[in-house]
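Since the structure is predicted, the reported quantities are computational estimates derived from the model, not experimental observations. All values below were derived from every heavy atom in this structure, side-chain atoms included, with hydrogens, water molecules and symmetry-related copies excluded.
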Amino acid sequence: QEWARFRQVVVNCVLATDTMDQDFWDERRDQWAICFGENATAGESQAHKNQKATIFMEYIVQSAVTGPSMQHYQIFIKWFRRRILQSHDRASDAGQSNEFDWFQHELDRFDKLILPLAMDLDKCGLLAGIGREHLDYAMQNREEWEQKGQDFLRDLMDRISNGNKKSGLFETILEEEEEAEAEFTEVLGSESAYDDMGSTHLSKVGEMAQV
């Protein structure tokens, strides 16, 4: 029985990494509302605790997948840039066009996935200040992306169209990222609420399931 439960949790967590499936995401939010919403079903049975721990773990997996969007804008941009470069690389290798409305796609992603996810994690109260930090950064990033996203994309696409791997474009960008990250880390300092994020998340899962 425990093995079957463990297997189902692992399967659910793997499926939770698919943040592009809107139907799956809607189903997860319905399950979250049952466990943690304003009209959450009350219950202290082991089955109910297991259900809460499972859906919470799925949310943590999704927050890990979308993590850069809920951290400082510089971190968000770093990983978003790499997503675009990876997409461009795959399209080039396949001889395909890489035309895509990244700007609107990211706005929709914030509105339909990132912000609802961050709001749920904050409201549940299980992550203390980290949940609020997730949400604050997500809202700030959404606003900053709306203001700066098109200029950022225009500059990046110009660089991509004028360069390739052989000319050192990707290596140059990675070097620029390292320099910017060093400066960013120095400004913020080494201490961050994110240092203990993983251990905090897992401890809360254990508490709910009484593992």
Side-chain angles (χ1 to χ4, degrees), residues 1-43 45-71 75-76 78-80 82-87 89-91 94 100-102 104-127 130-131 133-135 137-139 141-142 145 194 196-211:
Q1 183 179 0
E2 286 300 310
W3 170 251
R5 178 184 163 221
F6 173 76
R7 181 181 184 279
Q8 188 60 55
V9 169
V10 172
V11 170
N12 288 354
C13 287
V14 172
L15 291 174
T17 63
D18 183 4
T19 58
M20 303 300 291
D21 189 332
Q22 190 62 44
D23 291 337
F24 181 83
W25 169 235
D26 291 340
E27 181 181 340
R28 297 277 70 72
R29 292 210 75 197
D30 290 342
Q31 290 295 318
W32 180 273
I34 292 174
C35 293
F36 297 103
E38 294 180 359
N39 299 318
T41 302
S45 68
Q46 190 60 44
H48 182 69
K49 293 177 181 178
N50 290 345
Q51 183 184 22
K52 291 178 69 174
T54 299
I55 190 64
F56 182 73
M57 186 173 291
E58 291 175 15
Y59 260 59
I60 295 307
V61 170
Q62 289 193 322
S63 71
V65 173
T66 61
S69 301
M70 293 185 281
Q71 297 184 48
I75 297 175
F76 160 64
K78 169 185 174 179
W79 291 102
F80 180 73
R82 293 190 179 191
R83 280 171 54 203
I84 294 180
L85 293 176
Q86 183 182 51
S87 175
D89 191 20
R90 288 199 301 262
F100 188 73
D101 189 353
W102 287 102
Q104 187 60 48
H105 170 76
E106 207 61 17
L107 285 179
D108 291 341
R109 189 166 175 266
F110 271 109
D111 293 339
K112 296 178 181 179
L113 174 62
I114 307 300
L115 289 174
L117 177 63
M119 288 176 184
D120 285 344
L121 288 172
D122 178 45
K123 287 180 180 178
C124 78
L126 294 173
L127 302 181
I130 296 177
E133 191 172 358
H134 272 307
L135 180 57
Y137 275 131
M139 291 190 296
N141 288 342
R142 202 273 184 203
W145 175 254
Y194 287 96
D196 297 322
M197 187 189 330
S199 60
T200 300
H201 289 356
L202 292 177
S203 67
K204 292 301 181 181
V205 173
E207 289 172 12
M208 285 186 292
Q210 291 189 346
V211 175

For L107, side chain to side chain contact (heavy atoms under 4.5 Å, CB included) partners two or more places apart: F103, Q104, R142, W145, E146
dist I55:CD1 -> I60:CD1 (nearest 0.5 Å) comes out at 11.0 Å
Hits for side chain to side chain donor-acceptor pair (under 3.5 Å) against E106, two or more places apart or cross-chain, chain-then-number order -> R83, R109
Between the CE atom in M70 and the OG atom in S63, the distance rounded to the nearest 0.5 Å is 5.0 Å
Gap between atom NE2 of H134 and atom CG of L115 - 0.5 Å precision: 13.0 Å
Could you grab the distance from atom OG1 of T54 to atom CZ of R5, nearest 0.5 Å is fine? 6.0 Å
If I compare all heavy atoms of S69 with all of N141, which pair ends up nearest, and what's the gap? O-ND2, 3.0 Å
L121 vs I130, side chain to side chain contact (heavy atoms under 4.5 Å, CB included): CA-CA, chis, key distance, verdict: CA-CA 9 Å; L121 288 172; I130 296 177; over 6 Å; no
Compare every heavy atom of P68 with every heavy atom of I75, then report the nearest pair and how far apart it is. O-CB, 4.1 Å
Sequence neighbours left out, what passes side chain to side chain donor-acceptor pair (under 3.5 Å) with N12? Give chain and number order. Q8, E58
What residues, two or more places apart in sequence or in another chain, satisfy ring-ring contact (aromatic ring centres under 6.0 Å, His included) together with Y59? W25, W32
Here's a test for you: under ring pair (Phe, Tyr, Trp, His ring centres under 6.0 Å), which of F80, F100, F110 qualifies with H105? F100
Point-to-point distance, once rounded to the nearest 0.5 Å, from CD of Q62 to CG of L15: 10.5 Å
With sequence neighbours left out, what residues match D26 under side chain to side chain contact (heavy atoms under 4.5 Å, CB included)? Q22
Looking at every heavy atom in both A16 and F24, which two are closest together, and how far apart are they? CA-CE2, 3.7 Å
So L135 and M139, do their side chains get closer than 4.5 Å, heavy atoms only? yes
